[in-house]
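Before any comments, here is the structure.
Atom set for the values below is all heavy atoms of this structure, side chains included, hydrogens, waters and symmetry mates excluded. Counting begins at 1 with the first residue of the sequence.
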Amino acid sequence: MNRNDEFTEFMKELDMGVPEISESIQRGSRRKARRKFLYQPLLGFATVFALFVLSVNLFAPVAYACSKVPVLKELAKAVTFSRSLSDAVENAYVQEMNLKQTQGDITAEIAYLIVDQKQVNVFYRFASERYDKLNAYCNVLDEDGKDMEGHSVSSGGFGLPNEELRCATIDFYENDVPGVLRLQLKVFGDFESENRDFIEVFDFSLEFDPEFTAKGKVYTVNQTVELAGQIITIESLEVYPTHARVNVADAPENTAWLKGLLFYLETEKGEVF
C-alpha cells in the first residue's frame, strides 16, 4: 500500500472519529473550572473570529501514510520543537531543495521544505567568513514578486551560528498554499550590533511538490460552549499532514474580547494534544 492509500484509509478512520472529538470538547467544557482562560474586558460588544494553529499535529497522519526511511539527522535536530514536524522528517515528508545564492561575503541556502495545503516550513542557513552570526527577516511574495495577503510568517533561530538550520513558518488562512512563491531573506547582523541595516537581500523562488500541497480535510463541529460567562463556538477542525487548526468564533452578545485560549484536543484513543 503506497502513502496515498495509507492517507486515504486514515482519513476514513478519522471520519468515524468526529463524534469522539465532540465528546472531548464537552468534557473540556465541564472541566473549565480547572482551567484558566484569560480575557481582557472591553467596553461595548464585539464579534471576534480566531484561528488557533497547533504547533503539533493532531493526528500525525504522516506517521501512518509514509514508509520508513533513514532519518535526516540534521533536520531532525532542527524540528525538536514540534512533534508533527519530527514525524514528518522521520517519515520522509520532506522536500529537499538545496538552493544556494551568494552575495558579497554571504551565502544563503534553502535546504529543505516541509509543506502541506495550508502551511510552509522553510529550513535555511547562512555561511560567511566575515560575519559570525547572521539573522534574517522573511518576506513572502507571489510568483510575480508582488506582496501577498492572507498569511503570516514566524521565524526562529535568531542568534544561531550561521551553519545551523533555522526555520521560518508561513501560515495561509483562507487561501491554500500556491504552487510557487518567492521568499526574501533580508539579512542583518548580530542583535548586539549597533548597525541593524540589511546587509544583503536574497530572493528565492520556491516550487512545491503537489503531492504535499494537496493533502488536507475540514471537519464541521459547530458546537457552542460557555467559558467565563462568554459564548464560544468551535466552528470547525482542519486536519493537515503537518498540523491541525481549530476555528473558533464568539457571540455578538459577549462582553469581552477573546484574547487567549488555553485548550487541548483529545482523540478517541485518549491521545492528548
Which residues pass the side-chain hydrogen bond (donor to acceptor under 3.5 Å, both in side chains) test with [X], sequence neighbours left out?
X      : result
Asn175 : none
Ser155 : none
Ser205 : none
Thr224 : Thr233

Do [X] and [Y] share a hydrophobic cluster (ILVMFWY, side-chain heavy atoms under 4.5 Å, transitive)?
X      : Y      : answer
Leu99  : Ile170 : yes
Phe123 : Leu160 : no
Phe202 : Leu141 : no

Hey, what do you get for [atom1] ([X]) to [atom2] ([Y]), rounding to the nearest 0.5 Å?
X      : Y      : atom1 : atom2 : result
Thr220 : Gln223 : OG1   : CD    : 13.0 Å
Lys118 : Tyr240 : NZ    : OH    : 4.5 Å
Leu206 : Ile110 : CG    : CD1   : 6.0 Å
Lys259 : Leu261 : NZ    : CG    : 14.0 Å

Using atom types as modelled, flag every donor-acceptor pair under 3.5 Å from a side chain in residues 142-149 to any protein atom, sequence neighbours excluded.
| from | atom 1 | to | atom 2 | distance (Å) |
| --- | --- | --- | --- | --- |
| Asp142 | OD1 | Asp144 | N | 2.9 |
| Asp142 | OD1 | Gly145 | N | 3.0 |
| Asp142 | OD1 | Lys146 | N | 2.7 |

Item checked: Derivation of the ring-ring contact (aromatic ring centres under 6.0 Å, His included) call for Phe126 and Tyr131 -> CA-CA 10 Å; Phe126 298 112; Tyr131 302 97; over 10 Å; no
Next item on the list: Measure the acute angle between the ring planes of Phe198 and Tyr137, then classify it against the limits of 30° and 60° as parallel, tilted or perpendicular.
Entry: perpendicular
Checklist line | Any side-chain donor near an acceptor of the partner, Gln119 and Asp171, under 3.5 Å | finding: yes
Notebook entry, point to check: Is it the case that more than 12 heavy atoms not belonging to Glu207 sit under 6.0 Å from its CD atom?
Noted result: no
Margin query: Under the criterion side-chain hydrogen bond (donor to acceptor under 3.5 Å, both in side chains), I'd like the reasoning laid out for Asn247 against Glu238: C-alpha separation, chi angles, the key distance, then a yes or no.
Written below: CA-CA 8 Å; Asn247 295 308; Glu238 302 177 32; 2.7 Å; yes
Heavy-atom distance under 4.5 Å between the side chains of [X] and [Y], does that happen here?
X      : Y      : result
Tyr124 : Leu165 : no
Phe208 : Val180 : no
Val201 : Leu185 : no

Notebook entry, point to check: After noting the C-alpha distance and the side-chain angles of Asn135 and Arg166, does the key distance pass the side-chain contact (heavy atoms from CB on, under 4.5 Å) rule?
Noted result: CA-CA 10 Å; Asn135 299 286; Arg166 57 199 74 193; 3.8 Å; yes
Next item on the list: Show your reasoning for whether side-chain contact (heavy atoms from CB on, under 4.5 Å) applies to Asn121 and Leu113.
Entry: CA-CA 6 Å; Asn121 293 275; Leu113 298 175; over 6 Å; no
Notebook entry, point to check: At their closest point, which heavy atom of Asp209 faces which heavy atom of Gln95, and how far apart are they?
Noted result: N-OE1, 3.1 Å
Next item on the list: Report the C-alpha separation of Asp176 and Gln117 in whole Å, then their side-chain angles, then the decisive distance to 0.1 Å, and conclude whether the side-chain hydrogen bond (donor to acceptor under 3.5 Å, both in side chains) test is met.
Entry: CA-CA 6 Å; Asp176 292 342; Gln117 193 172 351; 3.1 Å; yes
Note to self: Looking at Ser128 and Asp105, would you say the former's side chain and the latter's main chain have a donor-acceptor pair under 3.5 Å?
What the structure shows: yes
Item checked: Residue list, salt bridge (charged side-chain N to carboxylate O under 4.0 Å, His left out) with Glu200, at least two apart or on another chain -> none
